[in-house]
Amino acid sequence: MTVKETKKGKTSKAESSSDDDVTLSRKTKKETKKPAPKKEDAKVKKEKEPEEDTMIKWWEEGTQHPGGQHWLTLEHNGVLFPPEYVPHGLPCHYKMEDGKLKEIKMEPDEEEVCTMFAVMREQTRPPSDYYINPIFRKNFFMDWLQILNSNPERNMKRFGSKQHPIRSLEKVNFDRIWEWHLEQKEIKKALTKEQKLQIKKEKDEAEQLYKYCIWDGKKQPVGNFRIEPPGLFRGRGKHPLMGKLKRRVKPEDITINIGPGAKVPEAPAGHKWKEVRTDNMVTWLANWTENVNGQGKYVMLAASSMVKGKSDHKKFENARKLGQMIDSIREKYREGWKSPDVGIQQRSVAMYFIDFLALRCGHEKGEDEAETFGACSLKCEHINLEEERDHVVFDFLGKDSIRYYNKVKVESKVWELLRKFVKGKTPNSDLFDRLIPTHLNSYLKELMPGLSAKVFRTYNASWTLDKEFFDDPVSDSISLPEKLVYFNAANTKVAILCNHQKSVGKGFQKAMTVLEDRLKMLKNLYSRLEDVKELSKKHKNNWQAKVDEQWEKDEHEQQQAWLEQYGTEEEKTAYKEKRAGKKPSKPKTTTATTTTKSSSSKPKEPEKKKSDPKPKTKREKKQMESDSDSDIPLAKKKKASKSAKGDDSGSDVPKKKSKKTKLEKRKAFESSEEDEPMKKKSKK
DNA sequence: TCGTAGACTTGGAAAAATTTTG
DNA sequence: CAAAATTTTTCCAAGTCTACGA
């Protein structure tokens with residue numbers, strides 16, 4: 001199918017960009033609910049203050065500072081530090097040679113890190129299965145051990161040996177601390193409402209100072225003013241450093257960026273900042289270097305702030321601009337497929353992937369990172385051309401180690417080129433060995449100022465959403481829930497395009513079972529009602545009695561069936577007795593309370609009536625036990641196909657270069673080919 | 001021609017808040 | 001009211017991309 005028409009009106013929306021959606025829905029929700037609830041405590045609900053003065057229309061132009069400066073004046077109060085560690089004083093235990101557990105008392109520094117780990121005990125399922133992950137455990141243990149052995153004198157005094165007695169993580173028993181953790185949770189839960197409120201109030205108060213800054217004289221919300229607390233690094237996928245201690249950030253680690261002449265926030269008593277500077281070419285208020293990966297962390301403004309808004313705006317304007325010339329760009333890369341230059345061929349195919357499949361650019365990753373891929377960094381083993389002619393099966397781990405699996409039909413020419421690129425190469429060599437992101441982007445920049453690989457994602461995501469709305473406009477007459485379904489369906493298209501996926505949570509299987517169960521029940525009820533309807537037609541005169549009888553019979557049969565399958569002996573007996581000494585209960589033929597509320601839940605079944613009968617019979621609610629089998633329906637993929645139409649016109653092909661001197665990093669990782677983060681294990 | 005540091009965007013998971021159920 | 005379900009917010013790792021430096 002050709003897609004020539006790609007421009008849409010000015011209605012392109014944010015689509016997957018969570019921020020935008022969130023903002024939108026939040027607003028809507030708030031307004032909707034406002035009229036309804038009257039709050040007994042007027043103060044609980046903090047309504048939006050007018051704040052008209054800050055409502056400047058920055059998108060309308062003119063508000064730009066020259067030379068790439070982001071601000072002229074900037075005031076803020078610095079950052080908020082997490083609370084100091086409060087020791088609980090509890091020991092852990094260590095399994096000795098004789099199998100006995102020996103109590104190990106800990107100093108606060110030892111205990112703090114120990115507790116970080118101990119408390120993760122239940123994190124045993126993907127994607128957060130850190131507690132049982134060997135890499136995580138090893139890294140944590142190394143760092144903990146380092147602390148345990150950091151003070152030989154201390155150890156000598158306590159254990160009569162410079163080396164701490166703990167040598168192996170497997171022999172450490174954290175039960176006591178785990179119990180403490182559970183207790184703490186209970187305590188927290190048991191707090192009275194007033195206490196909870198009080199705590200929250202105190203927290204809010206502590207935040208007040210840091211929540212806003214004054215940016216060019218305007219009050220603006222700060223995003224992450226809270227310094228990240230120490231913890232165990234939770235790298236995703238097969239991150240080699242997961243589990244390492246992310247140490248506590250001190251004022252001495254922090255650089256403050258603030259306007260000229262503005263009052264410099266004071267560092268906590270007894271401390272000082274690493275540096276205080278004034279740099280209006282950047283937007284951050286503070287920064288520090290995190291120790292695990294050595295990367296910078298920044299305190300910046302919130303998504304709702306002006307700067308972020310501007311930049312977001314620019315992003316979409318940019319994508320819109322791409323929309324104006326997407327046709328010619330598509331022509332260009334199609335032209336490139338025919339180039340005699342392999343570099344250009346590769347670049348052109350990569351562009352096709354980025355455009356057509358919305359793949360990310362894909363930069364090279366380092367030794368200390370999980371191995372993930374994108375368009376430019378694909379390996380030969382990530383594509384399979386054998387399945388079907390002109391089809392490519394992609395299978396690789398993308399950002400966050402989320403699997404990209406997709407079988408697509410591609411242009412013949414592309415398929416042929418791919419075959420050529422793969423030829424004679426080992427599976428783990430680069431598919432596009434002559435292409436690097438820098439070159440791709442600088443080429444894109446030539447095609448259109450401001451163009452880079454990611455702009456295609458933004459553009460195509462917006463285009464997709466737009467197309468949904470255009471092809472199948474919302475009808476005014478449908479209900480709000482229906483509109484929601486409509487909107488979500490469109491959004492799902494975008495999610496599929498961009499390969500956005502969420503892992504199924506712990507409760508998913510259970511929730512699904514309940515839902516299926518309920519569906520089954522409703523269907524059953526429906527058919528019974530149908531039967532009864534027939535019956536009542538047949539017995540015009542004494543239909544009531546007939547219906548009662550039939551109903552009771554059904555009920556009994558079902559109950560029997562249920563007991564047969566799930567019931568315990570006691571339950572069976574109890575039922576028998578109950579039935580013996582009881583007269584038929586009255587059926588609820590005509591329900592007066594048919595709340596015809598559209599099911600709404602899963603869009604799969606066209607449910608009609610839902611006369612939700614909360615069965616009076618002892619419908620055991622423990623059906624969660626059943627735990628039927630099966631796999632989780634997960635990310636099915638279909639591909640919206642849009643294609644670029646092409647022909648010839650491209651002329652001068654930009655210079656190609658690209659060498660690629662990637663040091664072959666042989667990953668000693670086990671090459672377990674399948675390792676889906678998706679298995680579902682029911683735990684007792 | 002790289003390689004990298006620095007700055008900023010992305011986006012999934014966990015936590016918190018809110019609403020619905022029982 | 002408490003527990004469960006659902007929605008919103010927060011958190012922060014993991015990307016992108018450009019400018020610099022040699």
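Convention: sequence-line order gives letters A, B, ...; per-chain numbering from 1. Not measured: the values here are computed from a predicted model.
A cation-pi arrangement, defined by a distance under 6.0 Å to the six-membered ring centre and an angle within 45 degrees of its axis, is present between R137(A) and Y131(A). Both tests pass for R347(A) against the ring of Y443(A): distance under 6.0 Å to the centre and angle within 45° of the axis.
Under 3.5 Å, the side chain of K315(A) and the base of dT9(B) form no donor-acceptor pair of N or O atoms. For R236(A) and dA14(C), a side-chain-to-base donor-acceptor distance below 3.5 Å is absent, hydrogens and geometry of angles not being considered.
Contact annotation: R125(A) side-chain N/O to dA13(B) OP1/OP2 distance is not under 4.0 Å. Phosphate contact (OP1/OP2 of dC17(C), side-chain N/O of S452(A), threshold under 4.0 Å): present. At dC11(C), none of the side-chain N or O atoms of N224(A) fall inside 4.0 Å of OP1 or OP2 (strictly under the cut-off). For dC8(B), the OP1/OP2 oxygens have a side-chain nitrogen or oxygen of T283(A) closer than 4.0 Å. An OP1 or OP2 oxygen of dA14(C) is reached within less than 4.0 angstrom by no side-chain nitrogen or oxygen of S401(A). Neither OP1 nor OP2 of dG15(C) sits under 4.0 Å from any side-chain N or O of H363(A). In this structure, R226(A) reaches the dC11(C) phosphate: one of its side-chain N or O atoms is under 4.0 Å from OP1 or OP2. Distances shorter than 4.0 Å separate none of the side-chain N or O atoms of K297(A) from OP1 or OP2 on dC12(C). Between R360(A) and dG11(B), a side-chain N or O to OP1/OP2 separation shorter than 4.0 Å is present. A sub-4.0 Å separation between OP1 or OP2 of dG12(B) and a side-chain N or O of S503(A) is absent.
Of the possible donor and acceptor atoms, none in the side chain of S305(A) sits under 3.5 Å from a partner among the backbone N and O of L301(A). For the pair Q195(A) (side chain) and T192(A) (backbone), a donor-acceptor distance under 3.5 Å is present. With D279(A) contributing its side chain and M281(A) its backbone, the two residues share a donor-acceptor pair below 3.5 Å. Between the N291(A) side chain and the L245(A) main chain, a donor and an acceptor come within less than 3.5 Å of each other. Without hydrogens or angle criteria, D430(A) side chain to F432(A) main chain gives no donor-acceptor distance under 3.5 Å. Side-chain N or O atoms of K274(A) include none that pairs as donor or acceptor with a backbone N or O of I256(A) at under 3.5 Å.
As a whole-Å value, the separation of K203(A) NZ from dT9(C) P is 14 Å. The interatomic distance linking Q295(A) (CD) with dT16(C) (C1') rounds to 13 Å, in whole Å. Put simply, NE2 on H500(A) is 16 Å from P on dA14(C), counting in whole angstrom units. Between the NZ atom of K502(A) and the C1' atom of dT8(C) there is a distance of 12 Å, given to the nearest Å. Whole-Å rounding puts the K189(A) NZ to dA15(B) C1' distance at 15 Å. The interatomic distance linking F373(A) (CZ) with dA14(C) (P) rounds to 15 Å, in whole Å. One interatomic measurement links the two molecules: CD of Q184(A) to P of dA15(B), which rounds to 16 Å at whole-angstrom precision. Per the geometry, NZ belonging to K310(A) stands 13 Å off P belonging to dT9(B), to the nearest Å.
Remark on DNA chain B: of its neighbouring residues T438(A) and V282(A), the 5'-side contact belongs to T438(A), judged by nearest-heavy-atom nucleotide. Of the residues near DNA chain B, K200(A) and H70(A), the one whose nearest nucleotide (by heavy atom distance) lies more toward the 5' end is H70(A). Summary of the strand contacts: L484(A) and I227(A) both lie near DNA chain C, and taking for each the nucleotide with the nearest heavy atom, the more 5' one is attributed to L484(A). Heavy-atom distances to DNA chain C give each of C361(A) and G223(A) a nearest nucleotide, and the one nearer the 5′ end belongs to G223(A).
At the heavy-atom level, G398(A) lies under 4.0 Å from the strands shown only through sugar-phosphate atoms. Across all strands shown, A453(A) has heavy atoms under 4.0 Å from sugar-phosphate atoms exclusively, and none from any base. Among the atoms of the strands shown, only primed sugar atoms or phosphate atoms (P, OP1, OP2) are found under 4.0 Å from some heavy atom of G235(A).
The C1' atoms of five pairs define one axis at each end of the helix from dT1(B)-dA22(C) to dG22(B)-dC1(C), and these two axes lie 10° apart (to 10°).
For the ring-ring contact (aromatic ring centres under 6.0 Å, His included) with F396(A), the qualifying choice from Y405(A), F373(A), Y404(A) is Y404(A), the only one to do so.
For K399(A), the side-chain atoms get nearest to dG15(C) when compared with the rest of dG15(C), dT9(B), dG6(B). Closest to the side chain of K246(A), from the set dT9(B), dA13(B), dC12(C), is dC12(C). Closest to the side chain of D400(A), from the set dA14(C), dG15(C), dT9(B), is dA14(C).
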